[in-house]
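Quick note on labels: first sequence line is chain A, next is B, and so on, each numbered from 1.
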Number of protein chains: 4
Amino acid sequence: MEAAHFVQINTGSPEPIYRQLIEQVRRRIAAGQLSAGDEIPSVRELAQALAVHPMTISKAYSMLEMEGLLERRRGLSMVVAAQHRRAQPPASRIELLRPALQKAADEARQLELPAAEVIALFTQLLTESQA
Amino acid sequence: MEAAHFVQINTGSPEPIYRQLIEQVRRRIAAGQLSAGDEIPSVRELAQALAVHPMTISKAYSMLEMEGLLERRRGLSMVVAAQHRRAQPPASRIELLRPALQKAADEARQLELPAAEVIALFTQLLTESQA
Amino acid sequence: MEAAHFVQINTGSPEPIYRQLIEQVRRRIAAGQLSAGDEIPSVRELAQALAVHPMTISKAYSMLEMEGLLERRRGLSMVVAAQHRRAQPPASRIELLRPALQKAADEARQLELPAAEVIALFTQLLTESQA
Amino acid sequence: MEAAHFVQINTGSPEPIYRQLIEQVRRRIAAGQLSAGDEIPSVRELAQALAVHPMTISKAYSMLEMEGLLERRRGLSMVVAAQHRRAQPPASRIELLRPALQKAADEARQLELPAAEVIALFTQLLTESQA
DNA sequence: GTGGTCTAGACCACA
DNA sequence: GTGGTCTAGACCACT
């Protein structure tokens, strides 16, 4: 996977960049798009591709390493770790999505929007973004 | 509206308190639960009810004033502003929900979850939270 | 002078209402539009005409009384005082205007606007507002 | 631009410090003295140079950011935003001066001062302050 | 290093 | 009573 398409970040978002990185990598591993042993872009390469500070990438990689999702190999680029939970079954993966869904549902309630309309828009976004 | 039920905050959340306040008030006004001219709880009253520092409330109110949603009345408590976009029609209100839905859709795509499952869970959360 | 035209206030201005009142009365006395012995509107009358709190009017009147520009007459409405400095000569009156001119000049400098243009606009505003 | 000369404040003025900052920065940007991408002094640096509390500076910067004149860069100092209305043509810049001129004109009218005299004094102040 | 958030608490201005 | 301003200072998040 070349650096340019490894992850996408939004520097304008209130969500910190390093967290955007972490969560995207977590999801890609959970989905099985990244498998044990896959090489990931180097800190410098990704930093340049995303135009962010290398330390930001490094911080994200370190946290993913602490989580056990990535492995450092001396002198070589990091790879997806071979251990535990990975490519989880959908029943488990959907739990990673629950917080985002819950937040949207809470907001919909406060806006007093009819459920049907909300679901219609969500379905549309879901279908579009999967295209 | 008494202060105790005006808004709810979650001090544990990474989202700053003042921003939680802003977004809830914004949604309540958009939903028409707060109408032009309605008085809102005083800074001190709400600060005590939520057990936060008055300046935190004041900051949120000031930003809502800059947004044009609240109006200051010298020496008196603030009121919901009497102007433009307010109690918007659902077609417009749903736009306030779009970012949350988009985020959930993006995450679902990265997790490669089937749309049907995602919509099923979302529908459940939406119905529960409206109960 | 009936209350409605005695003074004009701008509740939206950052300048406090009581101060707007004081300064306008000061200027009208300095200009000779109000002379010793002239009756001024009662607190209640003016408060109603301007739709402000009576205490705001009362505060302004009290400060003008302390300044020696107004006089209280028991049971009767206040009048312009008969004492000292009043209907000053233009040479003296223009000093009351100096702060406003200085502020405008300072801002013009910071905006790096050519003096000729600034004077042209000011002349226009001055002529219009005197019409 | 070093912090010491970035802005000047007057702690004795009734105008709040943070507002003095906002208006000066606004004018400097409008005048083109500050251009898109220019770094501004850090909160701490300017706070020390002006001998005020950092939060006072931070408040001013935040409001300028909400206005779209400054941009935040996470972990780095803020810069002048790269967008719309900036270094405006004089025809537009003079509008920023209009309120101050209008106020002076209104006061001159109430003082019943001859326009010629008022303009003479204003011209003098304008020329002096540009020296 | 950068800015952000929050608290505790004083003091002011306004109605 | 209302909100506004400011300080002192802690702690956090980000680069």
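Straight-line distance from the CD atom of A/Glu15 to the C1' atom of F/dT15: 17 Å, rounded to whole Å. For B/Glu71 and E/dA15, the CD to C1' distance is 17 Å, given to the nearest whole Å. The distance from atom CD1 of B/Ile9 to atom C1' of E/dC6 is 11 Å, rounded to the nearest whole Å. Straight-line distance from the CG atom of D/Leu46 to the C1' atom of E/dG3: 14 Å, rounded to whole Å. Rounding to whole angstrom units, CD1 of residue D/Ile40 and P of E/dT2 are separated by 12 Å. One interatomic measurement links the two molecules: CZ of A/Arg19 to C1' of F/dT15, which rounds to 15 Å at whole-angstrom precision. Here the C1' atom of nucleotide E/dT7 and the CD atom of B/Gln48 are 16 Å apart, to the nearest Å. Rounded to an integer number of Å, the gap from B/Asn10 CG to E/dC6 P is 12 Å.
Along DNA chain E, the nucleotide nearest D/Ser62 and the nucleotide nearest C/Met55 are compared for position; the residue whose nucleotide lies closer to the 5' end is D/Ser62. Annotation: of the two residues near DNA chain F, B/Leu76 and D/Ile17, the 5′-most nearest-nucleotide partner is B/Leu76. Positionally, the nearest nucleotide of DNA chain F for B/Ser77 lies more toward the 5' end than for the other of B/Ser77 and D/Thr56.
Residues A/Gln110 and A/Asp106 have side chains that never bring a donor and an acceptor to within less than 3.5 angstrom of each other.
Judged by distance alone with a 3.5 Å cut-off, no donor-acceptor contact links the side chain of D/Arg74 to the base of E/dG3.
Under a 3.5 Å cut-off, the side chain of B/Gln24 and the backbone N or O of B/Gln8 do form a donor-acceptor pair.
As judged by a 4.0 angstrom heavy-atom cut-off over every strand, D/Arg44 is placed among the base-contacting residues. Within the nucleic acid shown, A/His53 comes within 4.0 Å of sugar-phosphate atoms alone, with no base atom in reach, counting heavy atoms only.
Looking at B/Leu64 and B/Met78, their side chains never come closer than 4.5 Å, going by heavy atoms from C-beta outward. Looking at B/Leu46 and B/Val7, their side chains come closer than 4.5 Å, going by heavy atoms from C-beta outward. With contacts defined as side-chain heavy-atom distances shorter than 4.5 Å, the pair C/Arg26/C/Leu96 does not qualify. Between B/Val25 and B/Leu69 the shortest side-chain heavy-atom distance does not fall below 4.5 Å. When side chains are defined from C-beta on, B/Ser58 does not count as touching B/His53, because their heavy atoms never get closer than 4.5 Å.
Under 4.0 angstrom from either OP1 or OP2 of E/dT5 there lies at least one side-chain N or O belonging to B/Tyr18. The phosphate of E/dG3 (OP1 or OP2) has no side-chain N or O of D/Tyr61 nearer than 4.0 angstrom. Remark: B/Ser42 is in phosphate contact with F/dT2, judged by side-chain N or O atoms under 4.0 Å from OP1 or OP2. Contact annotation: D/Lys59 reaches the phosphate of F/dT5 (side-chain N/O to OP1 or OP2, under 4.0 Å).
Nearest to the side chain of D/Val52, among F/dG3, F/dT7, E/dT2, sits F/dT7.
Scanning all heavy atoms of the two residues, the minimum distance from C/Glu15 to B/Arg74 falls at O-NH2, 3.2 Å.
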Starting at the 5' end of DNA chain E, write a dot or bracket for each base, bracketing those in Watson-Crick or G-U wobble pairs whose two distances are under 3.5 Å and using | for partners on another strand. ||||||||||||||.
